[in-house]
Amino acid sequence: MGPHFLQLPEEILLLVLSYLDGRALGRLGQVCRKLRYFSCRDAVWRRIARRCLNSGFVRQGTDVLMPWLQVDGDVLYFTQAEEIRAHQLHGHRHGLHKRPFAVFLGHQEDVCRFVITDSHIISGGGDGKIALHNLHSTASIQFTAHEQDVNCVDCHGGIIVSGSRDRTARVWSLSSTADKRWLHTIQTEDRVWSVAINPLLSSFVTGTACCHHTSPLRIWDLQSGQLMNCLGTEFRRGAGVLDVCYETPSILLSCGYDTYIRCWDLRTSLRRCVNEWEEPHDSALYCIQSDGNNMIASGSSYYGVIRLWDKRMNRCLQSFSLSSPTSSPVYCLRFNTSHLYAVLATSLHRLDFTVYRNQFTAL
């Protein structure tokens, strides 16, 4: 392979390699370090991964992944590949208008995560970019934030925190994103799967892949970017943290590959969690949400299993399987007092708590 090939722009190299099959990519990665770096990028494997999915929802002949959602009042936002769609919810039954009233664009690869503020949608994508979409107009800003996929993003009080597969987390100011300059870059030495900003805007937590000997849960100072604390001491190698959320400024929930939901009280011991709940079928937990009181909902990695937990008990209250006989993780879920919404690889589901016999319906 001539040296001129390696001098092509990175986006052209990734496009060319994305047409190779798995065997060719494996052989190419043995040629040199630079080609190994490019052959291991998610962008070149995404086409192969989509062909392996157990999915039936297609658009123009290709699988459309739907990994994230948010509910804001009577509007449901969810991703379809590189798009974020906004759908109006119907009345008290909270059904879904089939046609979106807004579609937010800006990424060249799938949207990984997004959050909603009063004025913007902030999204991170597989193209390494962060996009800021104005909720009240069609204006948007995109900028390259990381060298690889932006796996997670959070925003509070005008501060954005992003985490990436490139083993860094970055802190941005919403008012200065037009300059494309970050406030801090944190070298996490591991892939970052999840981030959450403390409600007091004093710190943020990162959940990483746990491929090394450091804790996958670490708290960083938001002003200086310095490490403040490491949570836990007994995480197994590979027990990455896929989702984190603050219930209060001092109570943190986490979940991930080790099949546990953990509750941390930052006012007491940082070495041990104050409570934990184990997924009974030994499945990784992709997402959690709390009502801020006693209820927790979790999404599992197999067969779209959702479990409802009461923090006062040591076992789940109720479980639902959304994707049998095929299997898909529950990538994201959101709930309120009347409904729960969950998104799988290629489908969206709703649970109505007001119906006597609780049953999920596909939207």
Side-chain angles (χ1 to χ4, degrees), residues 68-78 89 92 94 113-118 121-122 152-161 193-207 217 219 222 229 231-232 241-256 260-270 272-279 285-300 306-320 330-343 349-354 358:
W68 207 250
L69 66 85
Q70 297 284 359
V71 179
D72 185 25
D74 60 352
V75 179
L76 177 68
Y77 300 85
F78 62 88
L89 294 170
H92 73 283
H94 283 207
R113 299 268 178 108
F114 69 92
V115 293
I116 300 174
T117 68
D118 291 338
I121 297 176
I122 298 102
C152 49
V153 65
D154 196 12
C155 181
H156 285 289
I159 297 295
I160 302 171
V161 175
W193 294 132
S194 53
V195 295
I197 299 175
N198 189 293
L200 295 180
L201 301 181
S202 58
S203 61
F204 67 95
V205 61
T206 57
L217 271 175
I219 298 176
L222 201 56
N229 293 297
L231 301 183
V241 176
L242 296 176
D243 200 9
V244 289
C245 65
Y246 280 98
E247 284 194 314
T248 70
S250 57
I251 302 296
L252 177 72
L253 295 175
S254 66
C255 72
Y260 280 90
I261 301 171
R262 288 187 169 89
C263 179
W264 307 84
D265 190 335
L266 306 182
R267 298 166 298 185
T268 60
S269 173
L270 300 177
R272 294 185 62 86
C273 61
V274 294
N275 212 340
E276 61 183 20
W277 301 267
E278 184 178 11
E279 213 287 332
L285 296 173
Y286 271 49
C287 56
I288 50 173
Q289 194 202 354
S290 166
D291 67 352
N293 192 14
N294 293 314
M295 183 68 70
I296 300 174
S298 66
S300 302
I306 288 177
R307 299 189 190 277
L308 302 179
W309 309 78
D310 188 323
K311 291 164 62 177
R312 297 164 296 187
M313 303 172 63
N314 59 8
R315 58 184 178 83
C316 74
L317 293 176
Q318 197 167 4
S319 63
F320 308 88
V330 179
Y331 286 103
C332 183
L333 54 81
R334 293 291 182 263
F335 72 91
N336 52 33
T337 56
S338 59
H339 293 82
L340 185 150
Y341 300 90
V343 64
H349 299 260
R350 180 189 76 238
L351 172 66
D352 189 345
F353 291 132
T354 64
N358 291 338

- Note on the structure: Value for CD1 (Ile219) from OG (Ser203), rounded to nearest 0.5 Å, stands at 5.5 Å
- Query: Is any side-chain heavy atom of Phe335 less than 4.5 Å from a side-chain heavy atom of Met295?
  - Reply: yes
- Message: Rounded to the nearest 0.5 Å, what separates atom CZ in Phe204 from atom CG in Asp154?
- Response: 10.5 Å
- Message: Tell me every residue that passes side-chain hydrogen bond (donor to acceptor under 3.5 Å, both in side chains) with Asn314, counting only those two or more places apart in sequence or in another chain.
- Response: none
- If you measure from CG on Leu76 to CD on Gln70, what distance do you get to the nearest 0.5 Å? 9.5 Å
- Message: Which heavy atom of Ile296 sits nearest to which heavy atom of Lys311, and what is that distance?
- Response: CD1-CG, 3.6 Å
- Query: Got Glu279 and Ser298 here, is their nearest side-chain heavy-atom distance under 4.5 Å?
  - Reply: no
- To the nearest 0.5 Å, how far apart are CG in Leu308 and CG in Leu351? 7.0 Å
- Query: For the atom pair CG (Leu253) and CG (Asn275), what is the distance rounded to the nearest 0.5 Å?
  - Reply: 10.0 Å
- Item | Minimum heavy-atom distance between Asp352 and Ser338, given as atom pair plus value | OD1-O, 3.5 Å
- Query: Any side-chain heavy-atom pair from Ile251 and Asp265 closer than 4.5 angstrom?
  - Reply: yes
- Task: Give the intermediate values and the outcome of side-chain contact (heavy atoms from CB on, under 4.5 Å) for residues Leu266 and Asn229.
- Result: CA-CA 10 Å; Leu266 306 182; Asn229 293 297; over 6 Å; no
- Message: I'd like to know if the side chain of Asn198 and the backbone of Pro249 have a donor-acceptor N/O pair within less than 3.5 Å.
- Response: yes
- Query: Could you give the distance from SG (Cys255) to CG (Leu242), rounded to the nearest 0.5 Å?
  - Reply: 6.5 Å
- Does the pair Leu252 and Leu231 meet the rule for a side-chain contact (heavy atoms from CB on, under 4.5 Å), with working shown? CA-CA 10 Å; Leu252 177 72; Leu231 301 183; 3.7 Å; yes
- Query: Are Ile261 and Trp277 close enough that some pair of their side-chain heavy atoms sits under 4.5 Å apart?
  - Reply: yes
- Taking only residues two or more places apart in sequence or in another chain, which ones pass side-chain hydrogen bond (donor to acceptor under 3.5 Å, both in side chains) with Trp264? Ser254
- Item | Ile116 versus Tyr77, closest heavy-atom pair with distance | CD1-CD1, 3.2 Å
- Qualifying residues under ring pair (Phe, Tyr, Trp, His ring centres under 6.0 Å), relative to Tyr246, sequence neighbours excluded: none
- Task: Only counting residues at least two apart or in another chain, list the ones meeting side-chain hydrogen bond (donor to acceptor under 3.5 Å, both in side chains) with Gln289.
- Result: none
- Note on the structure: For Phe353 and His339 the tightest heavy-atom approach is CD1-N, 3.6 Å
- Note on the structure: Nearest heavy-atom contact between Cys273 and Cys263 is CB-O, 3.1 Å
- Partner residues of Ile122 under the side chain to side chain contact (heavy atoms under 4.5 Å, CB included) criterion, sequence neighbours left out: Val115, Thr117, His120, Ile130, Leu132, Val153, Cys155, Ile160
- Item | Check against side-chain contact (heavy atoms from CB on, under 4.5 Å), Ile197 and Leu222 | CA-CA 8 Å; Ile197 299 175; Leu222 201 56; 4.2 Å; yes
- Task: Provide the closest heavy-atom pair for Leu217 versus Gly207 in the form atom of the first, atom of the second, distance.
- Result: CD2-CA, 4.5 Å
- Qualifying residues under side-chain hydrogen bond (donor to acceptor under 3.5 Å, both in side chains), relative to Arg315, sequence neighbours excluded: none
